[in-house]
Amino acid sequence: MNIPSGEDSFDFAWKSDKITAMQKRLLVWFQVNGRHEIPWKLKSDGSKPQQGEALNPYGIWIAEVMLQQTQLKVVVPYWENWMESFPTLRDLVNATEHKVLMHWQGLGYYSRARRLFSAAKSLLEWIGDADPLAPESWPNDLETWMALPGIGRTTAGSIISSAFDRPTPLLDGNLKRVLSRLVANPMPMNSCLSRSWDLSNQLLDRQNPRDFNQALMDLGAMVCKPHNPNCCECPWKLDCIAYASSRIKDFPVKSSSSPMPNQVIGIGVVFNNDGTVLIDQRLDEGLLGGMWEFPGGKKEPEENIKETIVRELREELAIEVEVGELLIALDHSYSHKKLCFVVHICRWISGDPVPLESQQCRWVRPDELNQYPFPAANSKMISALKNYLQQKTNPL
DNA sequence: AAGTCGTGGAA
DNA sequence: TTTCCAAGACT
């Protein structure tokens with residue numbers, strides 16, 4: 001029995017000859033306008049792979065994980081640095097999580113790096129005695145890839161269509177936006193995912209899945225942009241319902257977002273008598289998992305910032321400190337909260353640090369800080385600390 | 001199944 | 001300046 005639901009209101013199917021025409025027009029547009037210089041989509045000699053020709057899945061897998069919620073131009077330098085340090089799967093498996101996080105610092109969503117490292121071990125096991133440098137030794141099916149940590153349907157589909165040119169649909173941010181406009185989807189994209197996957201699968205060119213998927217993402221990134229799309233250049237403008245009805249700006253329909261809380265965080269850069277400073281490694285779970293930081297915590301309404309720092313270091317590390325001068329105050333936004341970090345230089349008084357709410361803590365010389373992976377806000381604190389120490393030693 | 005997870009580019 | 005939001009996954 002077919003019960004009408006909300007999603008059925010935009011149930012959509014194109015005729016096969018229309019889809020064929022759309023595929024052809026998109027691929028023609030792609031040949032002329034697409035992004036063809038993406039390093040992990042080229043062969044080792046720099047040339048484009050033939051239709052159906054396999055590429056080395058290793059570099060593609062790394063890139064696709066880096067690309068989750070991250071723009072192409074941000075990823076490229078990280079990917080190149082990564083491939084220099086970990087050129088093969090074996091190199092990665094033989095590395096340490098510390099070194100892996102060092103290569104991820106500044107890129108965000110750090111659980112990706114730890115899951116990637118975990119998946120590397122599973123992949124090498126799956127490959128077994130076969131040659132990991134040969135593409136045919138790697139899994140080429142959706143189920144195997146999706147079983148790995150940190151790899152969902154879109155990332156798995158990207159890897160499979162990019163590396164093996166196998167027909168696998170995608171549904172990333174670009175496709176969601178393009179599809180939403182194409183069919184004038186009245187619902188927020190995240191509330192009708194199965195329909196959207198169906199649309200992506202309908203459109204997919206099964207003869208050229210690698211180029212087609214890349215073309216669709218390029219179309220989203222370069223033409224069907226979030227703001228001010230270049231509809232006049234779009235190969236699908238005559239197929240687009242939003243364009244035909246002059247309602248491009250109405251799509252995609254956004255779901256309501258909750259306001260971000262604002263918090264003040266007190267941070268202590270604690271100096272020991274020997275000139276070392278105290279850092280700790282965050283728990284694997286939660287925000288910035290596995291990364292190192294200067295200790296601190298959220299200011300309570302009734303206390304001032306110095307009281308916050310004294311209390312937090314007592315609660316988290318069981319140490320007593322004297323809070324000194326302000327090092328830096330900086331605003332920093334995460335996905336779901338806005339923070340203001342107020343960082344003070346502190347002097348250690350008593351208590352051997354105990355990692356009560358972290359994995360471990362360590363006294364390090366300031367010049368050793370670059371050997372630890374820090375999130376972006378902490379990197380700014382380190383820069384401020386270096387300036388501070390330089391001015392201390394070279395007073396004008 | 002809504003919330004949680006970073007950062008920086010772009011307007 | 002603030003605001004949006006990106007080649008999403010996980011719980």
Side-chain angles (χ1 to χ4, degrees), chain A residues 34-35 38 40-41 60-79 101 104-116 118-119 145-163 168-178 180 188-194 196-197 200 210 212-222 224-229 249 252 254-262 282-291 293 330-339 373-380:
Chain A
R35 299 177 288 191
I38 301 172
W40 49 87
K41 304 202 78 169
I60 291 174
W61 161 54
I62 302 300
E64 293 301 340
V65 174
M66 288 183 170
L67 284 163
Q68 291 167 2
Q69 292 287 284
T70 310
Q71 293 180 351
L72 175 63
K73 66 176 61 174
V74 177
V75 163
V76 169
Y78 277 91
W79 183 85
L101 284 174
W104 211 273
Q105 60 177 331
L107 197 52
Y109 287 135
Y110 298 99
S111 66
R112 291 183 295 175
R114 291 182 292 107
R115 289 172 179 145
L116 186 68
S118 168
W145 280 102
M146 286 183 66
L148 295 169
I151 298 185
R153 191 169 173 187
T154 289
T155 301
S158 295
I159 294 168
I160 291 164
S161 64
S162 291
T168 317
L170 308 184
L171 189 60
D172 71 331
N174 287 309
L175 276 131
K176 286 178 182 173
R177 184 172 57 258
V178 172
S180 172
M189 291 302 288
N190 288 333
S191 58
C192 53
L193 290 179
S194 68
S196 306
W197 277 105
S200 176
R210 171 158 49 206
F212 179 86
N213 280 338
Q214 186 62 50
L216 205 36
M217 288 190 287
D218 286 1
L219 186 73
M222 304 169 70
C224 197
K225 300 177 293 182
H227 304 293
N228 305 319
K249 285 183 178 172
K254 284 173 274 188
S255 52
S256 62
S257 59
S258 50
M260 292 204 290
N262 230 318
R282 296 175 64 91
L283 299 175
D284 280 344
E285 303 305 315
L287 185 70
L288 307 170
M291 300 295 279
E293 65 176 4
L330 52 94
D331 294 317
H332 192 81
S333 293
Y334 296 116
S335 300
H336 282 69
K337 49 188 161 187
K338 290 181 180 175
L339 303 184
F374 287 95
N378 275 263
S379 296
K380 293 177 183 172

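In what follows, chains are A, B, ... by sequence order, proteins preceding strands, each numbered from 1.
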[X] side chain, from C-beta outward: closest of [options]:
{"X": "A:P226", "options": "C:dC5, C:dT3, B:dA11", "value": "C:dC5"}
{"X": "A:T155", "options": "B:dA10, C:dA7, C:dG8", "value": "C:dG8"}
{"X": "A:D172", "options": "C:dA7, B:dA11, B:dT4", "value": "C:dA7"}
{"X": "A:T154", "options": "C:dA7, C:dA9, B:dG6", "value": "C:dA9"}

Legend entry - P gap between B:dG3 and C:dA7, integer Å: 24 Å

Legend entry - Separation of the P atoms in C:dT1 and B:dG8, to the nearest angstrom: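 About 16 Å, rounded to a whole number of Å.
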
Reckon [X] touches a base, only the sugar-phosphate, or nothing at all at heavy-atom distances under 4.0 Å?
{"X": "A:G220", "result": "nothing"}
{"X": "A:N213", "result": "nothing"}
{"X": "A:S258", "result": "nothing"}
{"X": "A:K254", "result": "sugar-phosphate"}

Inset, instruction - Decide whether A:T70 and A:R112 meet the rule of one side-chain donor and one side-chain acceptor closer than 3.5 Å. - result: yes

For atom [atom1] of [X] and atom [atom2] of [N], their distance in whole Å:
{"X": "A:K176", "N": "C:dG8", "atom1": "NZ", "atom2": "C1'", "result": "7 Å"}
{"X": "A:L287", "N": "B:dT7", "atom1": "CG", "atom2": "C1'", "result": "12 Å"}
{"X": "A:R115", "N": "C:dG8", "atom1": "CZ", "atom2": "P", "result": "15 Å"}
{"X": "A:M260", "N": "C:dT2", "atom1": "CE", "atom2": "P", "result": "11 Å"}
{"X": "A:K225", "N": "C:dA7", "atom1": "NZ", "atom2": "C1'", "result": "18 Å"}
{"X": "A:Y109", "N": "B:dC5", "atom1": "OH", "atom2": "C1'", "result": "5 Å"}
{"X": "A:K337", "N": "B:dG3", "atom1": "NZ", "atom2": "C1'", "result": "12 Å"}

Inset, instruction - Check whether the side chain of A:S335 and the base of B:dG6 form a donor-acceptor pair under 3.5 Å. - result: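 Yes, a donor-acceptor pair under 3.5 Å.
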
Legend entry - Under 3.5 Å donor-acceptor pair, A:R35 side-chain atoms to C:dA7 base atoms: yes

Inset, instruction - Using the closest heavy atom to pick a nucleotide of DNA chain B for each, name whichever of A:L107 or A:V74 lands nearer the 5' end. - result: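 On the 5' side of the pair lies A:L107.
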
Legend entry - Comparing A:A376 and A:H227 on DNA chain B - which has the more 5′ nearest nucleotide: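 Taking each residue's closest nucleotide, the earlier one in sequence belongs to A:A376.
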
Legend entry - Of residues 61-69 of chain A, the positions that come close to DNA chain B - non-hydrogen atoms, cut-off under 4.0 Å: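 The stretch gives A:Q69 as the residues lying under 4.0 Å from the strand, ordered by number.
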
Inset, instruction - Determine whether A:T154 and A:W197 make a side-chain contact, defined as any pair of heavy atoms from C-beta on separated by less than 4.5 Å. - result: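 A:T154 reaches A:W197 side chain to side chain.
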
Inset, instruction - Just jot down the salt bridge (Lys or Arg N to Asp or Glu O under 4.0 Å) partners of A:R177, sequence neighbours excluded, or say none. - result: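 Checked A:R177 against salt bridge (Lys or Arg N to Asp or Glu O under 4.0 Å); zero matches.
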
Legend entry - A:H336 ring center within less than 6.0 Å of A:Y334 ring center: no

Legend entry - Below 4.0 Å: OP1/OP2 of B:dT7 and any side-chain N or O of A:K338: no

